Amino acid sequence: MPRFDVETRAIWGYLDSVIRFPADFTWGAATAAYQIEGAWAEDGKGESIWDRFCHGGGHVVGGDSGDRACDHYHRWGEDIALLRELGVGAYRFSVAWTRVMPDGTGAVNQRGLDFYRRLCDALLEAGITPWLTLYHWDLPQALQERGGWARREIADWFAEYAAVVARALGDRVRHWIPLNEPQVFAMLGHLIGHHAPGVINPLGFGAVAHHANLAHGRAVAALRAEAGPGARVGTAMQTPPIHPSTSSPEDAAAARRFDGLMNRWYLDAVLRGRYPEDTLELLGPLGATAAIKAGDLELIAAPLDFVGVNHYTRVFVRHEPAVPLVALLPDEARRVPGAQYTDMGWEVYPAGLGEVLGRLRDDYGNPEVVITENGCASPDRVVGGEVADAARIAYLEAYLGEAAAALAAGSRLTGYFQWSLLDNFEWAFGYGKRFGLVHVDYDTLRRTPKASARWYAALVKSGEIRGGAGRGV
Ligand code: IFM
């Protein structure tokens, strides 16, 4: 028997039904260190690849950087008060590796650990469960200089860091996520160079993609050993549906290839203990064959407690015969007539969430799933002290409707984290893209909860969505 009741499925832009989630469903909000903390060189913190990438200039819209960001490093008390107002039971944040180990390995910076200890203590006191991500893209620059993700040793370095954090915080933290979106940092950082460290090296991409999985596996083992008996360890994967741009067989083949690179390379390794053969054919000559050693896949596929899904949109892919590698990249020019798009230019496509959850249920053994990120960017402004972000509310209604439908269809979905608590540094897009439930004025750092924050608080409190709320904002 399902433990909830969906009277109708959500329909984008129009929903007049009531959706009820289970009473023990986890409701949360998420952030990441580099995107909100600021204080980039304070209290012994080392330099990360994102510090270097932003300071180098020319990579980020407007020359923005995370130097100050939302100044969460100093304003975390205020941000916990915002979480309390939302009423969420869980908060997903990441630890900045360089605060804890400025050079990535070796010396531990006690002041860095103390910051996260204080944060966790205050969360627990507020009745909010910390969910800790170890790596949300801010690799220590010192490790980049030793080869970074291209080196097999990255897995040792990451395991060492995981053990340090687990020993320091394991008495406070039960929920652990080693890597945020390995597919995204591998591809954007090492294949097309849009993200730090800005590497464009197709010939080494296969090794990076394997080392990301290996580092995940080594960190899972370190957490199991060091984080205490009650530790729950999972993932946060960005595994969008990949659709062909047209009905041509060439586009279908390109979409299948891209699905291998983006999704199956990670899902199959972690959940099935093997690499998909078609993707191995592509990545093998790009360094993967040399990188994969006996025993790696057993380690990578160690059992998990949950699979985290970060979800926003679907991706179209078209075949591009002139430039073979472009066939591996999304077709960003493809627009769906009549569809709505967020401020990121991402299609609002709630059915995609149902597709991802259905795939995990039907093809990957129906693991426990948590939506570790979902949300949208919109051009929000404070007018008369209010932010009327109706489009965000409509987006969330529609996506949560899909989540509820997946639950009804047997998915073991146990939680949902809204991306993001605050407007923040959106990587190569800088501060122009606002994903928060709470608006941040980057001059004054004033926080203003948006209409969507009140909407989300009502959902968290009642466990129910009453359709159409976004239209009234
Ligand atoms: O802001 C990012 C986050 O860091 C990782 N997932 C996607 C979000 C929106 O782009």
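Start at 1 and go down the list; that is how both ligands and their atoms are numbered. Bear in mind the structure is a predicted one, so any value in this text is a computation, not a measurement. Side-chain atoms are counted along with the backbone in the values below, which use heavy atoms only and exclude waters and symmetry mates.
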- Query: Checking ring-ring contact (aromatic ring centres under 6.0 Å, His included) for the pair Trp97/Phe158: CA distance, chi angles, key distance, verdict?
  - Reply: CA-CA 9 Å; Trp97 189 338; Phe158 189 53; 5.6 Å; yes

Item to check | salt_bridge(Arg92, Glu373) N-O dist < 4.0 Å | outcome: yes

| request: Could you tell me whether Asp268 and Arg264 make a salt bridge, using a distance below 4.0 angstrom between a side-chain N and a carboxylate O? | output: no

By chain and number, the residues contacting ligand 1 below 4.0 angstrom (heavy atoms only) are Gln35, His136, Trp137, Asn180, Glu181, Tyr312, Trp346, Glu373, Trp419, Glu426, Trp427, Phe435

Cut-off 3.5 Å, no hydrogens considered: what does the side-chain donor-acceptor table look like for residues 53-65, sequence neighbours left out?
from	atom 1	to	atom 2	distance (Å)
His55	ND1	Asp51	O	3.1
His55	NE2	Asp67	OD1	2.7
His55	NE2	Asp67	OD2	3.1
Asp64	OD2	Tyr431	N	2.9
Ser65	OG	Asp67	N	3.1
Ser65	OG	Asp67	OD1	3.1
Ser65	OG	Asp67	OD2	3.4

Measure the acute angle between the ring planes of Tyr91 and His72, then classify it against the limits of 30° and 60° as parallel, tilted or perpendicular. tilted

When the aromatic ring centroids of His210 and Tyr275 are compared, is their separation below 6.0 Å?
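Ring centres of Tyr275 and His210 closer than 6.0 Å.
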
